[in-house]
Protein chains: 2
Amino acid sequence: MQANLQQDEPRSPRYYRIYQAMLSDIQQGSLKPGDVLPSEMHIAQSYGVAPGTARKAIDMLVDRGWVERQHGKGTFVRRADFSHSLARFFRLTDREGVQLHPKSELLDIRVVPGTTDICHHLDLPDDSELIQIERVRRVDEMPLLHEVIYLSRTRFQSLLNLPPDAWGDLLYPLYEQVCGEVVFRATDTLSVGPVPESPAHHLDLPPGVQVIEIARLARGYDERPLEWRLSRGRLDWFHYSFDIR
Amino acid sequence: MQANLQQDEPRSPRYYRIYQAMLSDIQQGSLKPGDVLPSEMHIAQSYGVAPGTARKAIDMLVDRGWVERQHGKGTFVRRADFSHSLARFFRLTDREGVQLHPKSELLDIRVVPGTTDICHHLDLPDDSELIQIERVRRVDEMPLLHEVIYLSRTRFQSLLNLPPDAWGDLLYPLYEQVCGEVVFRATDTLSVGPVPESPAHHLDLPPGVQVIEIARLARGYDERPLEWRLSRGRLDWFHYSFDIR
DNA sequence: CAGTGGTCTAGACCACACC
DNA sequence: GTGTGGTCTAGACCACTGA
């Protein structure tokens with residue numbers, strides 16, 4: 001844990017190397033989501049720097065979203081929260097502008113041979129067995145999204161034994177509780193394409209019409225790919241808004 | 001004993017009030033894009049705080065994108081750079097993965113009566129006259145985007161007298177040089193809809209097919225709306241990728 | 001060279017959470 | 001109360017820029 005920062009190569013500043021060391025502790029798993037970091041004073045002493053320098057290292061972790069400060073309590077490793085990520089893409093408000101939360105319905109879970117493409121995304125050998133999960137997400141009974149999700153069979157095996165009523169709206173807490181795999185970040189890629197027959201059926205659309213496709217690769221703290229999913233949604237509900245600069 | 005009325009608002013930290021004061025200087029225009037800020041020492045003295053406190057205020061301006069530090073030279077008010085914003089949405093690379101830059105072609109510029117909707121976006125009275133600009137943006141002669149742009153006539157009048165060869169690929173530098181209006185930030189909203197006849201013609205598409213629509217509201221340093229534009233592009237070129245958390 | 005930002009120190013006092 | 005993070009001070013030395 002403790003690095004020798006006294007004889008520094010002035011390549012990188014001390015606060016930066018402390019930041020890297022603590023980030024590595026988080027990514028390696030010696031600091032887990034929800035854990036409290038050592039106090040700023042303790043960090044300063046154990047690395048042999050002034051409190052302000054240790055604080056600047058923690059500032060970097062906060063800015064980059066790895067930890068959260070709680071005044072009077074401590075600094076804690078952050079847990080990812082994707083619960084509102086759908087609202088980024090779809091108009092999930094009722095007529096009074098109140099946020100709506102989509103319900104998930106599990107359609108199917110089975111083991112399938114992985115395609116080259118998906119195995120590559122998941123950093124697995126070409127013909128690995130995968131768990132395939134199919135879901136529909138609805139708002140007010142209106143089907144909003146159809147999702148197909150792929151996971152490594154070896155890593156998520158215990159999902160297969162879950163009773164149907166254990167499946168809630170959110171998968172990532174389930175991954176954590178049942179399989180001990182924590183999703184920290186994800187990359188979403190949007191595109192548009194024709195909808196195949198099965199998703200079309202669940203979205204109440206004729207096959208072949210254009211839908212928005214959201215491909216997501218979710219990763220753990222150590223950047224290992226954990227999940228690949230393809231979500232398809234109706235174009236007429238789609239919108240996405242954000243700031244430049 | 002009377003309660004202290006000032007405690008209605010809890011006292012904000014000094015660095016934050018200095019940040020607000022300097023931000024207001026930028027938004028009011030007493031500090032313009034490209035201007036150099038007073039040195040950290042000078043700011044500290046003029047506000048009567050320690051250098052570290054002044055520095056923290058500047059840190060906030062840097063983090064929020066208002067100013068840029070240049071080691072050994074000074075801290076400067078930032079100029080917005082939207083030149084690569086299109087690359088966020090479209091695959092603008094050739095087969096070797098080299099970035100391509102779209103060329104703009106001016107189709108039309110005229111004065112039109114504003115619709116209620118657009119005038120509202122621009123914060124103008126309902127029936128204001130607007131300047132309407134129509135453009136096509138091409139990569140390798142391939143039409144990528146059709147754009148319709150609306151500006152307040154009173155504020156951008158001098159654009160109407162520009163010779164055709166004065167129009168380059170980028171409009172925002174033109175706004176700044178010709179009309180003294182500086183775009184600092186913009187909000188883009190993505191959706192999908194059927195393409196009307198005129199844009200369809202310029203995009204080599206049959207009217208009515210689905211296209212991606214990017215509505216942009218651009219604002220100045222003081223948050224006043226300056227420009228509203230609607231860009232339409234072919235779905236098969238569209239993609240958008242980004243990180244969550 | 002003088003002036004700027006970049007790093008760092010070694011303290012101080014305050015506000016908040018928990019016991 | 002103790003321990004935590006939040007703010008602030010008044011310096012120090014370094015690295016970079018430009019005259």
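Proteins come first, then strands; the chains are lettered A, B, ... in the order of their sequence lines, and each starts at number 1.
- Protein atom NZ of A:Lys56 is 19 Å distant from nucleotide atom P of D:dG5, rounded to whole Å.
- Rounded to the nearest 0.5 Å, atoms CD1 (B:Ile214) and CG (B:Leu145) are 5.5 Å apart.
- Summarising the local packing, CE of B:Met142 is surrounded by more than 12 heavy atoms from other residues, nucleotides or ligands at distances under 6.0 Å.
- In the helix from C:dC1-D:dG18 to C:dC18-D:dG1, the end axes, each obtained as the rotation axis mapping the C1' atoms of four pairs onto the next four within a five-pair block, lie 10° apart to the nearest 10 degrees.
- A cation-pi arrangement is present between A:Arg64 and A:Tyr19, with the terminal nitrogen or guanidinium carbon under 6.0 Å from the aromatic centre and inside a 45° cone about the axis.
- For A:Thr75, a side-chain nitrogen or oxygen approaches OP1 or OP2 of D:dG5 to under 4.0 Å.
- When side chains are defined from C-beta on, A:Ile18 does not count as touching A:Met60, because their heavy atoms never get closer than 4.5 Å.
- Nucleotide C:dG5 holds its C1' atom 11 Å from the CZ atom of B:Phe76, rounded to whole Å.
- Under 3.5 Å, the side chains of A:Tyr172 and A:Glu181 contain no donor-acceptor pair of N or O atoms.
- When atom types are taken as modelled, the side chain of A:Arg135 and the backbone of A:Asp169 share a donor-acceptor pair closer than 3.5 angstrom.
- Between the C1' atom of C:dC8 and the OH atom of A:Tyr19 lies a distance of 20 Å, rounded to the nearest Å.
- Judged as a side chain to side chain contact (heavy atoms under 4.5 Å, CB included), and not counting sequence neighbours, the contacts of A:Val178 are A:Ser158, A:Leu159, A:Leu162, A:Leu174.
- One atom, CG of B:Leu61, and another, C1' of C:dG5, lie 15 Å apart when rounded to the nearest Å.
- In terms of phosphate contacts, A:Tyr15 brings no side-chain nitrogen or oxygen within less than 4.0 Å of OP1 or OP2 of C:dC8.
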query = What one-letter contact string describes nucleotides 13-19 of chain C from 5' to 3', where B marks a base within less than 4.0 Å of any protein heavy atom, S marks contact via sugar-phosphate atoms alone, and - marks no contact?
reply = --BBSS-
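- A:Glu141 meets the salt bridge (Lys or Arg N to Asp or Glu O under 4.0 Å) test with no other residue; sequence neighbours excluded.
- Near DNA chain D, defined here as any heavy-atom distance below 4.0 Å, the residues from residues 35-55 of chain B are B:Val49, B:Ala50, B:Thr53, listed numerically.
- Contact annotation: B:Arg14 does not reach the phosphate of D:dT7 (side-chain N/O to OP1 or OP2, under 4.0 Å).
- Side chain to side chain, A:Tyr221 and A:Gln28 fail the donor-acceptor criterion of an N or O pair below 3.5 Å.
- The CD atom of B:Glu68 sits 14 Å away from the P atom of C:dG5 (whole-angstrom rounding).
- Between the CG atom of B:Leu230 and the OH atom of B:Tyr150 there is a distance of 8.0 Å, given to the nearest 0.5 Å.
- Considering only residues two or more places apart in sequence or on other chains, B:Arg14 meets the side chain to side chain contact (heavy atoms under 4.5 Å, CB included) condition with B:Arg17, B:Val49, B:Thr53.
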